[in-house]
Peer 1: 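Questions regarding the structure given below will be posed in turn.
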Amino acid sequence: MNIDHRVIALIDMDCFYVQVEQRLQPEFLGKPCGVSQYYTWKGGGLIAVNYEARDFGVKRGMRGEQAKELCPDFHIFHVQEVNGKANLNRYRDASADVFRVLNANFKLVEKASIDEAYIDLTEDVQKLKDKKLQLTINDFSTTHLAGFTTKTEDERIEILNKWLNDCQLDDEKRNYDLLLGAYLIEQIRKKIKDQTGFFCSAGIARNKILAKLCCGFNKPKKQTIFTQSDIDHIFDKTPVQKIQGLGGKAGERVVELFQVEYIGQLRKYSLDMLQTSMGEKDGCWLFNLIRGIETTPVSNRNLYKSISASKNFPGKTCLDTIDKIRTWCYNLAEDVFNRLEKDRAENKRRAKLLTVICTLATNETITRSCPINEYSIDRFANDTLRILKQYNKNSLTSNIYTPVIHHIGISAGKFLDNINTKSIADLFSKQTTKIETITSTENIINCQEEEEEEEDNNTEENILEKPTTTTLPIQGDFFRKFQKFDEQTKIQLKSENKTTTSSSSITSFFSRYTSNENILNCSPNKIDDHYITCSKCHKSILIWNMPEHEDFHYAHELQIEENKTNSIIKSSKTIKRKNTNQTLDSFINKKSKM
DNA sequence: CATGATGACGCT
DNA sequence: AGCGTCAT
C-alpha cells in the first residue's frame, strides 16, 4: 500500500464541552453558551464557546464576565468542582460515548484528544469500491470541497456535483477513494449524532495534517474534502501557524528564518536549506509536507498513556504553607486514584510510575518521579508531599514553605498490561467493561476469560489485597446500599423495560446517575409531545423515560445521605493521616474550603 | 494576581 | 530521568 494512497479522516466534535452540557440541559440548545471553570474570579475562564456565542465575538480563554459584556444573553455552564478543583470526568465520559461509536465501526481509530479522532479509512474504502455504489449529491449533504467558499447551498451543490461527476469519470480515479471516504464519514457523523446526540465536523484527505487542516474550513456540522490537486493554491494562502506542529515557536522560526507568511512559500527552498535551518528530521518533514506528503500513521491506541490531575495556584492563591500543600496533595491524589481504579477495572492494567510536577515562584518547573507499588490515596499524596518538601528552603519545623508554589500536578504512567489482580471495583465493572471493549474478537475473548476467573476470585481475597486503601471500604459500603436498591428497582421496572438496560452491574447503574447524569440524556433534541412534568424537579421528561427519571431522584437522595456518612468516614481517614503528619488544623482548613 | 487542566511526544 | 514544546 502506497502511503500517499491512504484515506485519512479527522473528526472534531463541535465545541464539545458545550454540547455535553446542552445534552444534559436541552433547554439551552440554540442559545449562546460557553463552559467555564472557576466562576469566582471574573466569571471563570471559558474553555468552550458555542457558535451562537462566537458570533458575538466571544472566544475561548475569555473570562465569563467579559463574554457577558459582549453578549448579554450568554449562558455560562460551570465545570463540576470536586475538592475545590475542576473535574472533567463528565466530558471524559461523553468522549467515551463518542469513541464507542467510532471503535464499533472502524478498525483504525486514534484518540487525538478528548474531542478529536483520526481514522484511517484506507481499507474501508477499498472494500467499499467492490460494492460499485451509485453515489449522488444526496449522499453528501454536509460535504464541502477545500478551496471553495460557497455562500449558498445551491452553490455548494453545484460545485460538489461537478466534482462528483469529474471524479467518477476520471479514468485514473485519483479522487474516487476520497469521495468514498467522505461518504463513510457522512455516515459515521450521522451515527454519532443518532447514538450520542453530538454534532461534529470532519476533514477527509490523504494524510493527518491535511485532514486536520481542512476540518477547520467548514464548521460546525460540516465536513471538507482536501484533494491533492488543491494543495498548492490552498497552501499559498495558509498561514504557517495553521499547520499542526507549527503553531508555536517552531512556526515562528520558519516565518523569521525564511521570511514567509504562508506555508506554500516554502516551496522555493531546497531540502538542504530547510534541513539546515530546521534540522534533518523537521526539514525533511516540512519539505514533504508542502508537497502534500506526510506519512505519520494513524496509531491504533485507545487508552491513555498517562492519567493526571493538576491545578494552578496563581497570584495570591499560591501555596505558601505545608498544610495547604498537603491538602492539595491529597485532593489531587484522590482524583488520580479514582481514575486509576476505574482504569484498572476496565483495562486490566496498572500504572507503575508516579510523576510530580510543580512550578515554583522562582519560575522553575520541577519534575520528579517515583515508583507506584500500590494504588492508594495516602501513598500518592505522601509521595508527592515528600518530593515537594525537598524544595522547601525554609526550616523543616516551620509551616511556611518557600518559595511559594504556583502549580502542582500528579501524573501516573508507565502502565503494565494484563495484570491479574482483582479488586472490588473489578467485580462491579463487568458490564461496563463488556460494553466498552467490544471492538474485536480478541477483546471479547479476553473479557470472557476474565469473567470466569472472577467467579473463582473471592471478594475477601481482594479486600485483603489492599489493606491500606481507605477508599475501598467506602465504596463497598456505598455499593451495598445500592445493591438493595438495584434489586428493588429491577423488579419495579420489569413491566416497562424497553428503555431500561438490564444490567445488574452496580457500577454501571451507579455511573449512569451520578458521574454522567445520563438519565437526562436519553433524547435531548427530539421535539416530541410525549412529555410529562416531573413533580420533583419540574423538568419535562419523555414519558417512557419517567421510570428511570424517578430512580434518578431516588439515587440522588441516597447519594446525599451517603455524603453525610462520607464525611464521617473521611474524618477517620484523617485520623490515619495524623500518624503520617496530618494535623487537625489542616483538616479543618480543608473542610472549610469545601 | 489570573488562559486551566490535561495529554502526547521529542530532545538530551 | 527530567525538561521543554505543542495542542485542545
Side-chain angles (χ1 to χ4, degrees), chain A residues 10-18 34-49 58-67 78-82 84-92 95 110-118 208-209 212-213 215-216 241-253 278-282 285 296 299 301 303-318 320 328 331-332 335-336 339 352-359 361 363-371 387 404 406-415:
Chain A
L10 182 274
I11 294 202
D12 186 332
M13 307 309 294
D14 302 321
C15 51
F16 186 51
Y17 289 10
V18 176
V35 176
S36 89
Q37 44 191 6
Y38 305 122
Y39 48 87
T40 43
W41 204 71
K42 298 190 177 182
L46 293 175
I47 54 175
V49 174
V58 179
K59 287 177 179 165
R60 217 181 86 186
M62 269 183 187
R63 291 284 148 187
E65 287 177 6
Q66 196 185 349
H78 293 285
V79 174
Q80 189 178 31
E81 273 183 45
V82 177
K85 168 186 166 305
N87 185 302
L88 305 179
N89 284 346
R90 180 179 293 175
Y91 314 110
R92 291 192 187 98
S95 178
E110 174 181 331
K111 184 173 171 96
S113 78
I114 197 164
D115 71 337
E116 284 184 321
Y118 287 101
K208 288 168 81 172
I209 296 284
K212 169 74 181 162
L213 178 64
C215 176
Q241 295 86 352
K242 296 277 182 191
I243 302 297
Q244 198 198 36
L246 298 179
K249 294 179 181 178
E252 276 179 40
R253 277 249 312 285
M278 304 296 298
E280 192 183 324
K281 189 165 165 283
D282 290 350
W285 175 80
T296 311
S299 85
R301 185 176 47 79
L303 303 180
Y304 291 108
K305 287 187 169 181
S306 64
I307 289 176
S308 69
S310 64
K311 174 151 176 61
N312 284 354
F313 305 96
K316 219 182 98 185
T317 65
C318 70
D320 53 3
W328 284 107
N331 287 343
L332 295 170
D335 190 2
V336 169
R339 283 155 59 199
K352 299 305 288 181
L353 190 75
L354 190 77
T355 303
V356 175
I357 306 104
C358 84
T359 307
N363 213 11
E364 57 183 335
T365 297
I366 290 158
T367 311
R368 290 293 178 275
S369 303
C370 67
I387 288 171
V404 299
H406 284 295
H407 172 90
I408 301 180
I410 303 180
S411 175
K414 293 234 187 294
F415 286 93

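The chains referred to below are lettered A, B, ... by the order of the sequence lines, with proteins before strands, and numbering in each begins at 1.
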Peer 1: Can you list, pair by pair, the side-chain donor-acceptor contacts under 3.5 Å of residues 303-314 of chain A, counting residues two or more places apart and other chains?
Peer 2:
{"residue": "A/Lys311", "atom": "NZ", "partner": "A/Tyr38", "partner atom": "OH", "Å": "3.4"}
{"residue": "A/Asn312", "atom": "OD1", "partner": "A/His407", "partner atom": "ND1", "Å": "2.7"}

Peer 1: Determine which bases of DNA chain B form Watson-Crick or G-U wobble pairs with both distances under 3.5 Å, and write the result as a 5' to 3' dot-bracket string with | for other-strand partners.
Peer 2: ....||||||||
Peer 1: With sequence neighbours left out, write down each residue that passes side chain to side chain contact (heavy atoms under 4.5 Å, CB included) with A/Cys358, or none if nothing qualifies.
Peer 2: A/Leu360, A/Ile366, A/Leu388
Peer 1: Please enumerate all residues that pass side chain to side chain contact (heavy atoms under 4.5 Å, CB included) together with A/Glu280, with sequence neighbours excluded.
Peer 2: A/Gln275
Peer 1: Protein within reach of the bases, or only the backbone? For nucleotides 4-9 of chain B, mark each nucleotide 5' to 3' as B, S or -, using heavy atoms under 4.0 Å.
Peer 2: BSBSSS
Peer 1: Please determine whether a side-chain nitrogen or oxygen atom of A/Arg368 lies at a distance below 4.0 Å from atom OP1 or OP2 of C/dG2.
Peer 2: yes
Peer 1: Mind listing the side-chain donor-acceptor pairs of residues 243-253 of chain A below 3.5 Å, one per line with the distance, residues two or more places apart or on another chain?
Peer 2:
{"residue": "A/Arg253", "atom": "NH2", "partner": "A/Ser277", "partner atom": "O", "Å": "2.9"}

Peer 1: Taking side chain to side chain contact (heavy atoms under 4.5 Å, CB included) as the definition, give me every residue that meets it alongside A/Lys42, ordered by chain and number, with sequence neighbours left out.
Peer 2: A/Arg63, A/Glu65
Peer 1: With sequence neighbours excluded, tell me which residues meet side chain to side chain donor-acceptor pair (under 3.5 Å) with A/Arg60.
Peer 2: none
Peer 1: From the options C/dT8, B/dC11, B/dC1, select the nucleotide whose nearest atom is closest to the side chain of A/Lys316.
Peer 2: B/dC1
Peer 1: Give me the ring orientation class for A/Tyr39 and A/His78: parallel if the planes are under 30° apart, tilted from 30 to 60°, perpendicular past 60°.
Peer 2: perpendicular
Peer 1: Using the test side chain to side chain contact (heavy atoms under 4.5 Å, CB included), find all partners of A/Ala412 that sit at least two apart in sequence or belong to another chain.
Peer 2: A/Val336, A/Leu340, A/Ala351, A/Ile372
Peer 1: Is there a side-chain polar atom (N or O) of A/Lys249 under 4.0 Å from OP1 or OP2 of B/dG10?
Peer 2: no
Peer 1: Nearest to the side chain of A/Gln244, heavy atoms from C-beta on, is which of B/dC1, C/dC6, C/dA7?
Peer 2: C/dA7
Peer 1: Below 4.0 angstrom from OP1 or OP2 of C/dA1, is there any side-chain N or O of A/Thr367?
Peer 2: no
